[in-house]
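Here is the naming used below: chain letters follow the sequence lines, and residue numbers restart at 1 for every chain. The model shown is predicted, which means the values in this text are computed figures rather than measured ones.
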Amino acid sequence: DAGVIQSPRHEVTEMGQEVTLRCKPISGHDYLFWYRQTMMRGLELLIYFNNNVPIDDSGMPEDRFSAKMPNASFSTLKIQPSEPRDSAVYFCASSPPSGGSMYEQYFGPGTRLTVT
Amino acid sequence: GDSVTQMEGPVTLSEEAFLTINCTYTATGYPSLFWYVQYPGEGLQLLLKATKADDKGSNKGFEATYRKETTSFHLEKGSVQVSDSAVYFCALSDWGAQKLVFGQGTRLTINP
């Protein structure tokens, strides 16, 4: 398997622009997670899905952030409008059904977002 | 709520030194415990795990033992290599919960 795929790997945008990050989970995994990593705040869970349904979005910082999972093989994280404080590395991770690998998560390589 | 506390970094060691990275946790239930590693420019990857008290997880020369009495899961390696330089994250997943709670990470640098 190719692992979790994220695109783009790097994104530079200007404040106020819309940003869309993309993720393809590992086939057969039914959990998908979005994380944000910064020096100041470490690794933060933003939202996670089970069978394409959002389960917990309590980590989404504000209404400018939204996430969707239209099918089992694709998810997006959108920021509109973007702000400089959104600059971070965004990771997507997927996990097999509960009871499989005892909740092991498989991470993608991340998208480094810079908002100027 | 659940939480994980790791020793402050960064940690710098010479090659072949002994490594310990401390990790303690607070959980309402009976969690599974994990160590993840992040190499430069990459995502996190699972290093080892333990699912019940006194279990020892091991991989690539690293070990950690689930200590319920001290709520700890310290990471150890007897002889580190330059290639072990990375950021190490301790994490837990409470029973019945799918999401992970991560510590703040510890940056490890090994000098030749």
Side-chain angles (χ1 to χ4, degrees), chain A residues 1-7 9-10 21 23-26 29-51 53-60 88-112, chain B residues 1-10 21 23 25 27 29-53 55-59 64 66 73 86-108:
Chain A
D1 201 313
V4 176
I5 299 172
Q6 292 187 245
S7 65
R9 293 293 310 275
H10 302 273
L21 311 182
C23 175
K24 177 178 168 55
I26 293 172
H29 285 190
D30 62 355
Y31 283 88
L32 185 138
F33 305 81
W34 282 102
Y35 291 89
R36 178 172 68 177
Q37 185 179 39
T38 61
M39 290 293 292
M40 290 296 295
R41 300 173 68 91
L43 194 63
E44 303 173 276
L45 176 64
L46 301 178
I47 185 172
Y48 77 96
F49 297 82
N50 179 219
N51 291 322
V53 176
I55 302 300
D56 183 350
D57 65 354
S58 59
M60 295 287 262
V89 181
Y90 291 81
F91 289 103
C92 176
S94 69
S95 183
S98 298
S101 296
M102 295 305 293
Y103 317 128
E104 176 179 348
Q105 294 183 15
Y106 296 77
F107 281 73
T111 295
R112 181 174 295 277
Chain B
D2 296 348
S3 66
V4 175
T5 302
Q6 293 181 229
M7 67 185 287
E8 291 284 334
I21 300 178
C23 171
Y25 67 90
Y30 200 154
S32 294
L33 302 175
F34 305 83
W35 277 100
Y36 278 78
V37 58
Q38 183 180 27
Y39 298 104
E42 298 182 10
L44 282 70
Q45 55 186 273
L46 180 67
L47 180 60
L48 54 84
K49 63 185 179 186
T51 58
K52 60 182 188 296
D55 266 3
K56 178 185 285 188
S58 61
N59 186 26
Y66 189 141
F73 193 56
V87 181
Y88 292 81
F89 292 88
C90 186
L92 69 81
S93 179
D94 215 340
W95 187 87
Q98 188 69 14
K99 64 181 184 180
L100 289 168
V101 176
F102 284 93
Q104 70 270 37
T106 301
R107 182 175 298 277
L108 173 67

Quiz item: Is it the side chain or the backbone of Asp56(A) that comes within 4.5 Å of chain B heavy atoms, both, or neither?
Solution: side chain
Quiz item: Where on Glu42(B) is there a heavy atom nearer than 4.5 Å to chain A: the side chain, the backbone, both, or neither?
Solution: backbone
Quiz item: Highest number of heavy-atom pairs under 4.5 Å with chain B: which of Ala93(A), Cys92(A), Pro109(A), Gly42(A)?
Solution: Pro109(A)
Self-check item: Arg41(A) versus chain B, the contacting section by heavy-atom distance below 4.5 Å
Solution: neither
Quiz item: Can you list the residues that meet the side-chain hydrogen bond (donor to acceptor under 3.5 Å, both in side chains) rule with Tyr35(A), with sequence neighbours excluded?
Solution: Gln105(A)
Quiz item: Hey, mind stepping through Phe89(B) and Gln6(B) against side chain to side chain contact (heavy atoms under 4.5 Å, CB included) and telling me if it holds?
Solution: CA-CA 8 Å; Phe89(B) 292 88; Gln6(B) 293 181 229; 4.3 Å; yes
Quiz item: Listed by chain and number, what are the side-chain hydrogen bond (donor to acceptor under 3.5 Å, both in side chains) partners of Gln38(B), not counting sequence neighbours?
Solution: Gln37(A)
Quiz item: Ignoring hydrogens and geometry, is there a side-chain-to-backbone donor-acceptor pair from Glu44(A) to Gly59(A) under 3.5 Å?
Solution: no
